[in-house]
S.K.: 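Got a structure here, written out as structure tokens. Questions coming.
Here is how names work: the chains are called A, B, and so on, in the same order as the sequence lines, proteins then strands, and each is numbered from 1. Just the heavy atoms: all of them, side chains too, but no hydrogens, waters or symmetry mates, feed the values below.
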4 protein chains.
Amino acid sequence: MIKASVIGGTGYAGQELIRILMRHPEVEIVTVGSRSYAGQKFSDVYANYENLTDLICEAANIQELAEQSDVIFLAMPHGIASKMVTDEILQQTKIIDLGADFRLKDIDIYEDWYKTEHFNQPLLKEAVYGLCELHRDDIKKAQLISNPGCYTTCSILSLAPLVKNNLIDVNSIIIDAKSGVTGAGRSAILTSMYSECNESIKAYKIGEHRHTPEIEQELGLLSDSCFNLLFTPHLVPMNRGILALSYATLTKSITQTEIRDLYKAFYQDEYFVRLTGDRMPETRWVKGTNFCDIGVKLDERTNHVVVVGAIDNLIKGAAGQAVQNMNIAFELDEKTGIDFIADFPI
Amino acid sequence: MIKASVIGGTGYAGQELIRILMRHPEVEIVTVGSRSYAGQKFSDVYANYENLTDLICEAANIQELAEQSDVIFLAMPHGIASKMVTDEILQQTKIIDLGADFRLKDIDIYEDWYKTEHFNQPLLKEAVYGLCELHRDDIKKAQLISNPGCYTTCSILSLAPLVKNNLIDVNSIIIDAKSGVTGAGRSAILTSMYSECNESIKAYKIGEHRHTPEIEQELGLLSDSCFNLLFTPHLVPMNRGILALSYATLTKSITQTEIRDLYKAFYQDEYFVRLTGDRMPETRWVKGTNFCDIGVKLDERTNHVVVVGAIDNLIKGAAGQAVQNMNIAFELDEKTGIDFIADFPI
Amino acid sequence: MIKASVIGGTGYAGQELIRILMRHPEVEIVTVGSRSYAGQKFSDVYANYENLTDLICEAANIQELAEQSDVIFLAMPHGIASKMVTDEILQQTKIIDLGADFRLKDIDIYEDWYKTEHFNQPLLKEAVYGLCELHRDDIKKAQLISNPGCYTTCSILSLAPLVKNNLIDVNSIIIDAKSGVTGAGRSAILTSMYSECNESIKAYKIGEHRHTPEIEQELGLLSDSCFNLLFTPHLVPMNRGILALSYATLTKSITQTEIRDLYKAFYQDEYFVRLTGDRMPETRWVKGTNFCDIGVKLDERTNHVVVVGAIDNLIKGAAGQAVQNMNIAFELDEKTGIDFIADFPI
Amino acid sequence: MIKASVIGGTGYAGQELIRILMRHPEVEIVTVGSRSYAGQKFSDVYANYENLTDLICEAANIQELAEQSDVIFLAMPHGIASKMVTDEILQQTKIIDLGADFRLKDIDIYEDWYKTEHFNQPLLKEAVYGLCELHRDDIKKAQLISNPGCYTTCSILSLAPLVKNNLIDVNSIIIDAKSGVTGAGRSAILTSMYSECNESIKAYKIGEHRHTPEIEQELGLLSDSCFNLLFTPHLVPMNRGILALSYATLTKSITQTEIRDLYKAFYQDEYFVRLTGDRMPETRWVKGTNFCDIGVKLDERTNHVVVVGAIDNLIKGAAGQAVQNMNIAFELDEKTGIDFIADFPI
């Protein structure tokens with residue numbers, strides 16, 4: 001059994017992680033770290049766990065946890081993990097960080113987009129970017145895995161085959177993404193209130209969202225080039241789910257069938273990427289699952305390709321992929337404990 | 001492995017059943033019956049199954065299915081199952097009927113509330129009312145199990161300890177229940193449309209809902225008496241969940257602590273009934289699960305007891321309890337395949 | 001033109017008041033008081049007013065406002081208004097208080113339910129309870145009008161004809177009420193967050209909600225007696241609307257038609273009370289309006305009468321009724337500025 | 001008083017029209033035409049009208065209506081209006097058609113996108129495209145006004161200043177639009193059901209939506225050129241509202257301030273277009289109103305301009321703009337009867 005701890009276990013991603021780990025056949029949860037709820041029963045914070053666990057939230061010390069745990073998941077706001085993690089800790093345990101601290105390889109880009117200093121440049125090199133479908137081999141050997149952002153996961157998986165095959169003008173890429181409200185976390189702020197979100201949709205941080213450089217970094221690696229793209233997120237009145245539409249102009253003459261075949265080839269061994277053919281993805285079909293559904297549409301009238309990607313932001317976009325990373329790193333069947341079917345209608 | 005078939009597998013309860021059975025470690029699905037979608041891939045009807053199953057919907061013949069199956073689940077509108085099921089079929093296979101045909105023991109009450117003739121009185125006696133927590137011993141031996149209604153399950157479990165212990169005036173019982181829209185099924189009717197349900201709440205069939213006599217029958221058995229109660233359902237703008245508030249006047253002087261102790265005693269061995277203490281049940285904590293959460297509040301000012309019950313209408317109120325019944329009838333651990341934790345927020 | 005000011009203009013009820021007053025043909029808004037947003041443009045707090053007003057929020061002083069205003073609306077948490085209002089102020093201006101400070105005539109009941117001392121007992125006698133349909137004559141002459149609570153308005157109007165005509169056992173009254181999330185105000189608290197409210201329903205403060213004694217006071221006056229009733233509120237995933245089901249046992253033999261005729265007689269001159277006949281009220285049909293829709297159902301099986309009442313909690317339950325009170329107090333046509341038709345679907 | 005009739009008065013746009021006309025100070029409603037509900041009280045179809053009108057739905061004959069009405073609004077599926085309207089009728093009355101029959105000037109484009117023959121080519125030339133802000137002078141003189149589509153209105157108003165000023169490469173235009181469920185009309189179909197729409201978002205008809213050629217036609221007129229653009233609509237779980245993001249590459253070096261100034265100049269006399277500055281539009285701020293809110297953002301990193309437009313699809317996108325057209329055509333103040341402030345939260 002893998003001994004696992006979670007620091008930041010009472011945010012939405014954290015509790016999703018606990019839920020998955022609690023039912024994972026190869027995992028034993030050692031500690032749930034939560035400063036805000038230290039001393040309280042986890043089932044008092046989240047009543048869905050009533051009768052199902054005796055876990056108590058603790059103001060966890062990462063050094064102690066490292067000694068007791070085979071893996072520690074970190075689910076905290078940016079700027080904290082990079083101060084917590086050290087080489088000593090990484091010699092004792094694997095770290096899977098769901099935050100942003102180790103995602104960007106270029107420290108200047110990090111500091112530019114996050115408007116804060118980064119205190120742990122050496123670990124940036126050591127960290128493996130945990131987008132399982134693209135970096136599986138590195139993940140197998142990694143001690144420090146940096147779990148991708150939610151928008152990022154959906155966007156990169158949507159565009160990877162096109163970029164890798166040089167089919168599109170990378171400078172033309174526009175990603176128009178839509179997210180449910182859980183993406184904003186569990187902090188009680190005005191803009192996350194029911195009556196402020198319900199019955200309305202808005203775009204926010206147009207061209208300025210922090211997931212942008214993450215997408216550019218990974219697609220840049222695939223295309224062996226450096227470029228900027230335009231990323232726009234939206235807030236949609238629903239709990240969960242991300243739908244991302246990626247637009248780009250084609251650089252070659254190619255049919256829709258050929259593009260779809262290329263996607264099939266690219267993802268042929270990937271269980272968690274499902275190609276939807278003529279039917280386009282909808283968030284309801286992936287909700288509660290670790291799947292990324294992808295549909296591709298060629299618009300000949302305008303010479304554009306449109307890729308539709310859908311994930312559950314808290315699962316493939318956070319906790320599920322974190323466990324997928326753990327499964328890879330501990331050489332388990334990648335599906336173990338995360339092979340969910342969407343529960344419909346939900 | 002238990003060989004299971006479902007007739008009516010493309011309604012909401014039917015698909016929930018398929019989802020549960022597909023992941024049930026002791027079950028193999030033989031056939032998904034659906035007249036409306038006969039010949040289509042199940043994953044074309046419900047795209048959450050994309051890549052996960054090759055099941056094809058069939059215009060199933062119950063005689064043939066009976067030969068191939070250890071158990072057949074029926075998930076159809078009332079009036080059909082009672083014409084389908086025969087003694088011959090019951091000699092070959094167990095039947096778990098999610099519809100209303102075999103729930104009411106008194107044929108006159110059935111015909112009065114359902115405004116239709118019942119064609120299979122003999123089987124009414126044979127059928128066991130499948131409210132697991134109350135009829136477990138009979139379910140073990142049953143060939144024909146009549147799965148309770150959704151409102152019914154929540155209402156009866158809420159009131160059973162009070163009625164059994166003669167603590168309330170049964171003639172004072174009022175049940176005010178609220179349901180999500182999936183309770184109305186998957187038929188495309190005006191009153192189930194998004195823009196007609198969203199942002200509104202309504203009561204309907206006040207005192208006239210067909211689950212009323214079912215609750216009266218079961219509580220009557222527990223109290224060894226015959227009485228009428230007032231049941232009011234509501235439609236709430238959410239997909240799933242039932243919250244039922246049961247009100248009754250007390251016949252004895254008793255403290256809230258004593259009542260709660262009595263509930264603990266009554267449900268001490270029941271995994272799927274959770275008593276919530278001072279915190280009152282909310283549908284979100286049981287959504288996607290087979291739990292029935294129950295909270296009890298004594299209002300001394302008015303000498304009333306209020307019981308709050310919450311279930312997921314498609315699971316404990318339909319497919320989950322059906323599988324719980326199957327588990328009991330086939331002598332499996334009752335939790336097998338239905339031990340879900342609510343996925344929050346969803 | 002009536003010169004009107006609002007103190008507490010940036011809460012949900014306050015902004016609804018501003019919106020109504022801004023289009024009211026006989027009103028000129030003098031001042032919008034808001035401590036939290038003092039100095040900010042009202043249209044920056046609520047962007048629906050973009051281009052439509054130059055109003056600036058002010059940290060208003062009630063003495064100054066009293067000199068400039070014919071009427072001041074107070075929309076604040078309980079405990080503040082009773083310290084603000086004095087006899088001197090009431091000699092200069094009319095006050096319509098949307099808060100709870102002047103609703104309960106019995107100071108002991110106030111202090112018991114609100115767990116706080118009341119500092120202005122003398123004004124309690126002077127204050128008129130502003131439920132327009134019941135106290136119109138007093139409102140005409142009042143300087144201090146205490147606008148009823150939202151649940152209260154719906155509950156009292158639902159039951160008044162039954163109580164006034166001694167048709168029900170007042171000790172049997174149970175009110176099961178459901179409210180949209182705006183009822184909880186605009187404070188950013190965990191329980192009002194989108195992902196915590198959406199897709200769930202809960203009951204809260206069963207038998208303990210502060211609107212209970214207000215309902216008891218007013219129905220007590222109508223029945224010329226003193227009694228307790230059981231009131232249960234719920235939180236429903238929608239922005240607005242209250243649906244209240246009131247249950248009581250009949251004390252006389254009477255037909256449904258006779259009861260409905262009695263309601264017609266009771267409300268025959270009331271524009272804002274609509275009797276719905278066989279169709280039961282739904283919140284969507286009153287949303288955005290000042291109507292209270294009422295339906296009555298007799299359940300002969302159990303000798304209960306059920307009354308279904310529906311209002312918009314921010315209009316007939318707050319700002320709309322406040323303006324209705326102003327219209328009465330200033331001898332305008334009662335409908336002026338509040339004669340809305342529900343905008344459907346919304 | 002203008003005598004107005006509506007044919008197709010019981011769809012969502014139709015009833016919105018009735019609601020506006022009923023409160024319009026210069027209008028008297030002559031007839032509500034509805035084949036589906038002929039003979040029924042309008043308030044039985046839509047209970048928000050209870051007590052407010054005696055209108056009866058009629059299986060209206062357009063010839064008769066033309067004699068009795070100064071204006072007839074048509075709110076029907078495409079293909080019907082073009083068969084109904086004749087020159088004789090237009091000599092007797094003005095027609096404002098909310099459907100698609102007279103929007104496209106090029107009959108081939110119509111037949112290509114609508115997959116049906118058009119039977120009334122002569123009237124295509126006579127019809128004025130009723131986008132008020134662009135065709136006001138023609139509308140003043142028109143007998144036949146073709147009210148624009150909902151997506152169309154939002155998209156054209158968003159892009160007009162850029163296109164008119166030759167600031168963007170028109171071939172780079174991508175419009176990613178999102179709509180509430182009322183956009184799909186009131187037909188009871190599976191994809192419009194509550195449990196099928198709620199908690200999910202999807203794109204549909206990517207590059208194939210019929211509003212595409214309408215946008216191309218009008219932007220083509222402004223740019224004096226012919227081009228194709230990529231338009232993608234989405235279905236969002238809310239009742240009302242359209243948010244459209246329009247993306248394009250700049251053809252000149254220009255600052256964000258300069259672009260915004262240009263929008264101010266373009267729309268300086270337009271009451272119903274509001275420019276939101278740094279704050280980007282959200283559908284909640286225009287819901288229930290005739291406003292189109294527009295925000296412009298320059299993304300220098302990628303040389304793109306992003307325009308965010310928001311409207312209420314049933315008002316500025318249908319019934320509101322139809323009445324705005326009527327006001328213009330009858331030389332009333334353009335705001336008459338449609339000067340709504342969004343009711344928040346709703």
S.K.: Which distance, rounded to the nearest 0.5 Å, do you find between the CD of C/Glu196 and the OG of A/Ser192?
M.R.: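 If we round to the nearest 0.5 Å, C/Glu196:CD and A/Ser192:OG are 10.5 Å apart.
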
S.K.: Tell me whether C/Arg35 at atom CZ has more than 12 heavy atoms from other residues, nucleotides or ligands lying less than 6.0 Å away.
M.R.: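 Check fails, neighbour count at 12 or below.
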
S.K.: Once rounded to the nearest 0.5 Å, what's the spacing between atom CG of C/Asn198 and atom OG1 of A/Thr182?
M.R.: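 Here the rounded value is 10.5 Å.
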
S.K.: Taking all non-hydrogen atoms of both residues, which atom of A/Tyr194 and which atom of C/Val181 are closest, and how far apart?
M.R.: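 Answer, listing the atom of A/Tyr194 first, then C/Val181: CD2-CG2, 3.5 Å.
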
S.K.: Quick check on A/Leu190 against chain C: is it the side chain, the backbone, both or neither that has a heavy atom closer than 4.5 Å?
M.R.: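 It is both, since atoms from each part get that close.
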
S.K.: Using a heavy-atom distance cut-off of less than 4.5 Å, which residues of residues 237-246 of chain A contact chain C?
M.R.: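 The residues closer than 4.5 Å to chain C, in numerical order, are A/Pro237, A/Met238, A/Asn239.
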
S.K.: I need the residue from A/Ala188, A/Ala184, A/Gly180, A/Ser187 with the largest number of non-hydrogen atom pairs under 4.5 Å to chain C.
M.R.: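 Going by pairs under 4.5 Å, I would pick A/Ala188.
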
